[in-house]
Amino acid sequence: MATLTCQTIEISRGTTHDGPGLRTTVFLKGCPLRCLWCQNPEGIPVAQGVWWEARKCIGCLSCVAACPTGALQAPHGELVRDPTGCTICGACVEACPSRAMALTGREWTLDALLHEVLKDKEYYQAFGGGVTVSGGEPLGQATFVAEFLRRLQKKGVHTALDTCGLAPESALTSILPYTDHVLFDIKLLDSELHQRVTGHGNDHILRNLSIVAETLRMRNAKPPSNGYRTLQLWIRTPLIPNTTATPENIGAISTYIHEHLADVVERWELCAFNSACKQKYDKLGSPWPYADYDLMDQATIDSLREVALSAGSDPDTLVVSGLTARS
Amino acid sequence: MTDIIADHRVSATLTDERAARDRASRKGVVMQAPLQFRQSVRIRRLAQRSRELAISGKRRLGTEEAPLGDHACWIHIGPFPELDQMPSRVNGYEATGESWGRDYAFLVDHFPVEIHRDERIVGEIHWEMHMVRQYEWPERVKEVGRWAAELGASGYSSLHTCPDLAIGLSQGWGGILKRIKESRQKYLDLDHPEKASYLLGMQLICESVIHFIERHAEQALELAAAETDAWQKQTYLRIARCCAHIARHPPRTYYEGVQWIHFAVMMDRVVGHGNGYGRLDLYLIDLYRKTKSDGELSDEEAREYLAEMFLKLRGQFFSLGGRDAALKDATNEMSFVVLEAYDLIGDYNNLGVMWHPDIDRDFYNYACDVLARHGESIPVLVNYDLMREAELRSGIPEEDAWKVVYSGCQWFCIPGKEYCDQDVNSLNILAPMKRTLASAAAYEIGDFEGFYALFEEELTATAEALRTWKNTQYELLGSLWPEMFTSMNSHGPIERGVDMVDNRGVDYQYTSVNILGIPNVADAFHAIKRLVFEQRRYTLAEVEAAIETNWVGREPMRQRFLNEDKFGNDQDDVDAIFVRITESLARILGSLKNLRGQEFRASLFHFQGHLTPETIGATPDGRLAKEYLAHGINPQVGRATTGLLATANSIAKVDQRKFQGGPMQVELQPRFFDGKEDIWTYIRDFSEVFFRKGGIQINLNIMDLNKLRDAMQHPENPDYQNIIVRVTGYASRFICLSRAYQKEFVERMNFEGF
Ligand code: SF4
Ligand code: SF4
């Protein structure tokens with residue numbers, strides 16, 4: 001068998017929001033959705049790209065000299081990029097002394113990635129945490145992820161899958177046996193709207209969610225025994241101004257959870273919008289429709305929370321996370 | 001403020017209180033109250049006085065232009081009025097213990113006695129020996145110093161050790177005086193006038209201390225006679241009884257014990273040096289239990305006596321926890337009381353909690369809770385077992401090694417038995433690095449191993465210069481600046497008639513050496529390895545030229561060196577070079593012996609060398625000449641980009657058993673804890689993993705550095721006046737620091753989370 005590899009966007013250590021305890025989150029590249037508000041735009045394609053960070057650039061133009069395709073030019077002594085002509089050959093990345101030109105991600109072999117995430121194993125144990133695979137969409141690299149999580153579980157590490165839910169059923173079911181915790185996105189309940197702002201309807205996503213729910217019911221029904229692992233489920237909803245953060249949508253998701261998933265959902269998290277990813281769009285040289293949006297104010301968040309509660313959500317499971325604007 | 005424990009329940013037992021606290025924490029109460037115990041009006045007044053003195057600059061250490069902090073034990077009231085009458089000025093200066101002792105006794109005999117209203121713990125000082133007695137090395141010594149400094153080795157000795165206060169607590173000053181006199185007689189009989197003369201100096205010191213305490217008793221009686229307020233009158237009388245007794249005799253009660261320690265530490269500070277003072281919980285436990293069982297001590301009183309002492313002494317280095325002689329957990333009721341005393345008043349302190357895997361869980365939880373709630377790096381958390389192993393490895397036998405205490409910034413020692421000359425000796429390894437670069441370029445060294453071998457040679461040359469330099473001082477130190485007060489509470493000096501800094505005055509006399517610039521050299525070597533030896537992008541001559549010229553005209557080259565992997569990110573390659581450098585230091589210094597026949601020990605810390613970058617110049621890690629160097633073994637500012645856990649892992653790779661300490665410094669954004677309950681559990685869990693992985697010390701400030709940046713502009717803002725930070729090894733009020741310290745502090749990595 002060829003060496004298993006994966007493409008990652010980045011690895012974050014010591015995270016406290018991607019599952020229980022203190023964790024390492026591995027963000028994998030590639031996503032089937034095209035959410036307008038996407039927070040990890042560099043993670044949409046599985047393949048590596050090249051991006052450029054103005055703050056780090058010292059204007060030496062070594063990259064221009066190195067570029068074989070003319071995708072980089074300096075007509076007036078200043079760097080001009082034309083991403084369409086780029087073949088991702090990496091010559092500019094190699095030539096750049098300041099890491100202003102960089103690949104949007106990195107390739108890892110299974111062993112190297114395991115070595116990397118196991119560096120904090122003692123911390124996971126002390127804090128009741130573990131490793132989360134996120135993205136992008138980790139189910140897009142299912143073969144790797146399944147083996148990665150299996151090996152982690154064998155090392156006694158708690159595993160979590162953070163998914164947007166859009167993936168072949170087989171990908172999901174190949175990974176669930178090695179997963180201790182699922183973080184599942186419900187962005188919008190209206191499928192048509194979902195189609196409009198993410199590029200796909202949500203029927204398939206909700207079907208996958210029901211598979212997770214069913215798996216959880218079966219697994220947790222058995223009494224915990226030696227080596228036997230239960231499954232936890234958190235639902236996450238990004239609060240995107242004028243899109244998902246509407247009373248209609250939050251009310252509808254709340255009702256849906258209440259009616260179909262009340263017995264399996266341990267937490268439903270509303271994640272407040274922030275614009276920290278704007279600099280990523282700048283680095284990619286692409287526009288972002290949400291660039292001008294501010295942090296949400298506390299009143300809006302509170303009223304959405306009220307909507308969720310009155311539509312049936314359990315106050316003990318409902319959590320709001322993220323920064324709000326200071327009034 | 002949530003008052004979890006109401007302090008009117010003065011009759012409640014400690015166990016009750018602790019149970020209440022445990023219940024509180026187990027229920028998940030977020031213990032955000034800055035202070036857990038309500039201050040009595042009296043304590044509040046005393047705390048206010050202490051704060052005002054600090055803010056007014058009257059407790060400044062260092063000069064007005066470059067203040068080191070507000071933690072002086074003495075209170076400035078102007079120069080010593082009888083300066084001209086100092087014996088060494090009137091009768092002529094002599095570099096002898098007797099002359100030193102005469103000066104000390106004269107100074108103390110002229111101390112005013114001050115007893116303030118509200119106080120139950122009394123005594124303060126205004127001058128120390130350096131202000132009144134000449135401390136001048138002969139020119140031939142200084143010449144050696146200048147030569148060594150050229151090579152990167154420096155440090156004038158001044159005491160940094162730890163007396164064993166248990167000696168005086170059990171014998172009293174009268175008992176110590178008796179031993180001094182007997183020993184002096186013995187040496188007179190043996191016709192050993194030098195030792196007898198030294199002991200005469202010591203006798204004068206001891207007598208001056210006794211008289212000073214007796215003068216407090218006298219004045220308290222006078223004050224009592226004139227006092228009309230019943231409580232205050234009683235208090236004066238109590239002070240009088242206490243001082244009259246402890247001037248000569250060992251303390252009988254907990255109150256007398258605290259007052260005894262207060263005087264002992266304060267009179268030690270008259271010498272002016274950075275000593276630690278040992279395990280406060282062990283010192284006081286017997287007196288505490290006895291007084292408690294006699295029904296004469298409430299929990300509130302127990303806390304308040306210590307709190308008063310801390311306010312007056314400006315919290316010296318004391319330790320808690322650790323293990324006992326049987327290597328069982330040494331935590332006792334006093335360990336809690338000491339932390340509670342800090343918890344009562346907050347403010348400045350330097351308590352260290354000595355963790356080990358078997359430490360009392362309630363105590364360690366409480367220590368982390370105190371640290372989390374106050375957020376001001378108090379207590380410092382240290383790894384007892386590693387300190388003990390380091391002492392064993394130095395050759396200190398089992399029967400003494402367990403006594404190890406965290407005694408100062410990053411260092412530890414065996415109280416009363418070890419003189420290690422801590423925190424003053426310095427080895428700047430950027431100097432040998434620069435010489436390595438020059439000779440490697442000249443010899444056209446072609447591979448990293450050859451380059452590193454040259455570095456070890458240069459490092460050895462610097463270490464040997466340090467040895468020569470220290471030994472030159474050690475020849476004279478005992479007569480030039482003996483440490484006679486500390487020697488009285490040490491094992492050996494009295495009976496041997498030899499000062500603790502002099503040859504074999506105490507059993508253990510290893511020389512500790514602070515190391516400057518390890519992370520910078522590691523980063524530089526890794527970049528050189530990659531860019532010069534592997535990729536062959538640059539020659540050594542080009543690197544040398546670049547740093548000679550502060551990289552001017554070579555920004556792309558500097559960027560290359562700057563953007564190689566850096567220490568502090570848990571990356572195997574560069575961290576391995578870091579560890580290798582520490583191993584070289586341990587080996588090279590460990591192979592050298594001082595005049596006492598004992599080894600040099602590297603300490604992975606530097607108290608302030610990183611703040612004077614101009615003297616170092618640019619370095620091949622991409623650092624510009626004006627940038628501060630890395631602080632101790634913490635990564636250079638801006639280079640730890642992978643998070644706190646990664647940095648902790650990098651630091652924990654060092655084999656700390658081979659060193660004399662090396663703290664991890666953490667500045668954590670308070671925001672990280674927003675919405676989180678029981679934030680102390682984060683500190684507990686993090687610190688315990690770090691220690692199990694091999695870390696030895698954590699200094700943790702929970703601090704929004706933006707707030708401190710603002711405090712630099714608006715020190716007059718009352719909100720900023722009481723912010724305490726752990727600067728390097730010690731703590732200080734932020735606004736009382738020099739600009740350089742403040743600037744370095746606010747530029748540190750402010751971790752947003754783990
Ligand atoms: S990756 Fe290659 S083609 Fe693309 S910009 Fe860089 S050098 Fe040019
Ligand atoms: S090589 Fe790097 S630093 Fe130089 S111009 Fe290109 S992006 Fe900027």
Side-chain angles (χ1 to χ4, degrees), chain A residues 10-18 20-25 53 55-66 93-102 111-112 115-129 131 269-272 276 298 301 319-324 326, chain B residues 527 531 535 537-538 551 553-566 569-572 575 622 638 640-650 652-653 666 668 671-679 681-695 751-754:
Chain A
E10 64 173 340
I11 296 172
S12 287
R13 295 168 71 165
T15 57
T16 49
H17 291 110
D18 300 326
L22 200 66
R23 315 186 69 82
T24 295
T25 306
E53 194 169 353
R55 190 175 56 87
K56 288 188 182 166
C57 177
I58 56 168
C60 67
L61 303 182
S62 313
C63 52
V64 177
V93 174
E94 182 60 22
C96 176
S98 66
R99 295 194 188 175
M101 279 296 172
D111 286 340
H115 173 74
E116 185 67 17
V117 302
L118 286 171
K119 286 175 174 175
D120 288 338
K121 186 178 171 206
E122 294 88 343
Y123 289 103
Y124 309 148
Q125 275 153 2
F127 285 87
V131 173
E269 184 176 351
L270 304 176
C271 313
Q298 193 60 46
I301 302 241
V319 174
V320 181
S321 67
L323 294 175
T324 53
R326 301 208 187 267
Chain B
L531 297 170
Q535 297 175 13
R537 268 183 202 269
Y538 306 99
W551 304 96
R554 300 179 202 252
E555 186 58 15
M557 178 181 178
R558 185 177 87 88
Q559 287 295 334
R560 287 251 177 235
F561 280 78
L562 195 57
N563 280 290
E564 283 300 327
D565 288 349
K566 296 291 182 238
N569 295 293
D570 202 4
Q571 271 153 340
D572 301 338
D575 288 2
T641 53
T642 326
L644 181 57
L645 301 186
T647 302
N649 283 351
S650 285
K653 286 174 190 171
V666 182
L668 197 57
R671 211 174 58 206
F672 171 63
F673 294 111
D674 281 357
K676 293 192 170 66
E677 291 192 341
D678 294 339
I679 62 175
T681 61
Y682 286 82
I683 292 167
R684 178 196 60 194
D685 296 345
F686 168 69
S687 61
E688 291 199 300
V689 175
F690 177 63
F691 288 151
R692 283 177 205 278
K693 285 188 143 190
F751 287 104
E752 288 185 7
F754 280 15

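We name chains A, B, ... by the order of the sequence lines, and we start the count at 1 in each one.
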Mind listing the closest non-hydrogen atom pair of [X] and [Y] along with its distance?
X       : Y       : answer
F127(A) : F686(B) : CZ-N, 3.4 Å
C96(A)  : R560(B) : O-NH1, 3.6 Å
A126(A) : D685(B) : O-OD2, 3.5 Å

Nearest 0.5 Å please: distance from the CD atom of E94(A) over to the CD atom of Q535(B). 6.5 Å
If I take atom SG from residue C57(A) and atom CD from residue Q559(B), how far apart are they, to the nearest 0.5 angstrom? 9.5 Å
Answer with side chain, backbone, both or neither: which region of F672(B) has an atom nearer than 4.5 Å to a non-hydrogen atom of chain A? side chain
Relative to chain B, which segment of T16(A) carries a heavy atom at a distance below 4.5 Å: side chain, backbone, both, or neither? side chain
When you compare the side chain of [Y] with that of [X], does any pair of heavy atoms fall below 4.5 Å?
X       : Y       : result
R13(A)  : N649(B) : yes
P97(A)  : N563(B) : no
D572(B) : H115(A) : yes
L645(B) : T24(A)  : no

Go through the steps to decide whether R692(B) and E122(A) satisfy the test salt bridge (charged side-chain N to carboxylate O under 4.0 Å, His left out), and finish with yes or no. CA-CA 9 Å; R692(B) 283 177 205 278; E122(A) 294 88 343; over 6 Å; no
